[in-house]
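Inspection log for the structure reproduced underneath, given as C-alpha cells.
Model, not experiment: these values are computed from the prediction. Chain letters run A, B, ... following the sequence lines, proteins first, then strands; residues in each count from 1.
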Protein chains: 2
Amino acid sequence: MTDSLALAEHVKKRINLTDTEVNELLSCFKLMKVRKRQFIIQPGFIAHHKNYVLKGAFRAYVVDDTGQDHTIQVSIEDWWISDYNSYLYQKPATMFVEALEDSIILQIHYNDEARLKQDHHNFETFFRIMAERSMAHMQRRIITNLTKNAEERYQEFEALYPEIVQRIPQYALASYLGMSTEYLSRLRNRRTKKT
Amino acid sequence: MTDSLALAEHVKKRINLTDTEVNELLSCFKLMKVRKRQFIIQPGFIAHHKNYVLKGAFRAYVVDDTGQDHTIQVSIEDWWISDYNSYLYQKPATMFVEALEDSIILQIHYNDEARLKQDHHNFETFFRIMAERSMAHMQRRIITNLTKNAEERYQEFEALYPEIVQRIPQYALASYLGMSTEYLSRLRNRRTKKT
DNA sequence: CCGATTTCCTGATCCAGTTCATTGGAAACG
DNA sequence: CGTTTCCAATGAACTGGATCAGGAAATCGG
C-alpha cells in the first residue's frame with residue numbers, strides 16, 4: 001500500500017482530497033506486477049482497466065493489415081495507459097499494450113471508476129481533467145504529424161521526452177514517430193556524427 | 001432562445017437535466033452570427049470560448065513554416081469547435097478557426113464553463129464525457145494517420161462523414177486528410193471513373 | 001448579368017522516406 | 001557458455017505522394 005502513495009500524490013496535484021477520499025481512491029486500485037514482453041491488453045478482449053504505471057514502461061500499439069506495428073502511446077512512471085477506445089466504450093480492444101520492462105502497475109476497473117465519479121464530484125473533476133489533457137496532448141500530436149517531417153518529429157520528441165528516448169527500443173520509437181526503424185537510425189547517426 | 005433548444009437536446013442526450021438546469025445552462029451561451037470566411041479564433045489571441053455550431057460549418061487549421069494549411073478539425077451542425085490547447089490552458093491560440101459558410105454558433109466563455117462545472121456535478125459529468133469522446137476520436141484519427149495511406153484515409157472519411165465530404169471545399173478536406181489537393185482530386189476521379 | 005476570384009483537374013518531374021538484404025553486436029536462455 | 005533470438009546500422013533500389021505549371025469550370029460580389 002505504501003507504493004500507492006505515488007498515485008495519491010499524482011491525484012492530489014490535480015484535485016484536493018481528504019484522507020477518507022485518498023483511502024477510498026486507493027482501495028479501488030489493484031497492484032499488479034508485469035514481466036517484460038507481457039501483454040496487459042490484447043485485441044479482441046475488452047480493456048476493463050485503466051493502468052497507472054508505478055514502475056517500468058509500456059507501449060500500446062496496433063498492427064495493420066500488412067503486419068506492421070504502429071505505436072500509439074508510450075508510458076513510463078506516473079503515466080497512465082490503456083486502449084481508451086476499448087475502455088471508454090467497453091468494446092473489444094484493437095491494441096496490444098505490452099510491458100517494455102519488468103513493471104508494476106495500479107489498475108482501476110471501469111465499474112469502480114464509474115462509481116467513484118458518480119459518488120464524488122471531486123473524482124468526476126479529476127477524470128475530466130485527465131481526459132481534457134489527454135485530448136489536448138493528442139491534438140498536439142495530430143498537428144505534429146501533419147506539419148512536420150520525419151526529422152523534425154524526432155527532434156521534437158527528443159526535446160520533449162529525453163528520458164523516454166533513452167529508455168525505449170528504437171523500433172518502438174520509430175513506429176511511434178511514424179517512420180521506419182532504418183530511417184530513424186539514419187537520423188540519429190546523422191546528428192551524432194555532426195556533433 | 002428557441003434556437004438554443006438544439007443545444008439543450010444535445011446536452012440531454014448525455015446527462016439528465018431539470019428545467020432549472022436547462023435554463024442555467026442556456027443562460028451561459030451567447031448566440032453569434034458569423035459570415036463565411038470570418039475567423040472566430042486567430043493565432044496569438046486566447047480562445048476564450050467553446051463554440052457549439054447551430055448552423056453552418058467551420059474548420060480549424062494551422063499554418064506551418066512553409067506557409068501550408070493543415071486542417072485539424074471540421075465542424076458542422078451539432079458539433080463543437082475551438083482551439084482546445086488554447087482554450088484549456090488559456091494560452092494564445094496557434095490555430096485559425098474559420099467559417100466555411102454563413103453560420104450561427106452558441107458560445108460559452110471559459111469562466112462560465114468553469115463555474116457550471118464547479119456548481120453542478122451534472123455539468124462536470126457532461127464536460128467529462130465530451131472530453132473523453134474527443135480524446136477517443138482523436139486517438140482513432142492518430143491510428144488512421146499512422147496505419148492507412150492517402151487513398152484509404154479518404155475512403156474511411158467518406159464512409160464515416162459523407163455529408164461533410166459533399167459540403168466542405170476540397171482543399172479543406174485534403175489538408176484534413178494530410179494530402180495535397182492535387183492528389184485528392186486524383187483519388188476522387190479514379191473512383192468515379194471505375195463506377 | 002459579367003468580370004474576377006476561387007476551386008478543381010491533369011500531366012510531368014522529383015524526392016523523402018520505404019523496402020529489402022546483409023552484417024555485427026548484445027541480450028536472453030537453456 | 002554456446003546458441004539463438006533480438007536489435008541497430010548501413011547500402012541500394014524503389015515508390016507514394018508532393019510540387020510545379022497550365023488551363024477549365026464554378027461561384028461570387030457588385
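Within 6.0 Å of atom CZ in Phe39(B), more than 12 heavy atoms from other residues, nucleotides or ligands are found, so the atom counts as buried in its surroundings.
Within 3.5 Å, a donor on the side chain of Glu182(A) pairs with an acceptor on the base of dC20(C), or the reverse. For Arg186(B) against dG16(D), no side-chain N or O and base N or O form a donor-acceptor pair under 3.5 Å.
Side-chain nitrogen and oxygen atoms of Lys36(B) include at least one within less than 4.0 Å of the OP1 or OP2 phosphate oxygen of dC28(D). In terms of phosphate contacts, Tyr183(B) brings no side-chain nitrogen or oxygen within less than 4.0 Å of OP1 or OP2 of dA18(D). An OP1 or OP2 oxygen of dA16(C) is reached within less than 4.0 angstrom by no side-chain nitrogen or oxygen of Asn149(A).
Closest to the side chain of Tyr171(B), out of dC7(D), dT7(C), dT10(C), is dT7(C). When the nucleotides dC28(D), dA18(D), dT10(D) are ranked by their closest atom to the side chain of Ser180(B), dA18(D) comes out on top.
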(message) As a quick check of understanding, evaluate side-chain contact (heavy atoms from CB on, under 4.5 Å) for Ile105(A) and Phe29(A), giving each step before the final call.
(response) CA-CA 9 Å; Ile105(A) 57 180; Phe29(A) 282 84; over 6 Å; no
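Mapping Arg37(B) and Pro169(A) onto DNA chain D by nearest heavy atom places Pro169(A) closer to the 5' end of the strand. Residue Gln170(A) is the one, among Gln68(B) and Gln170(A), whose nearest nucleotide of DNA chain D lies closer to the 5' end (criterion: closest heavy atom).
A donor-acceptor pair under 3.5 Å is absent between the side-chain atoms of Thr71(A) and the main chain of Tyr61(A), judged by distance alone.
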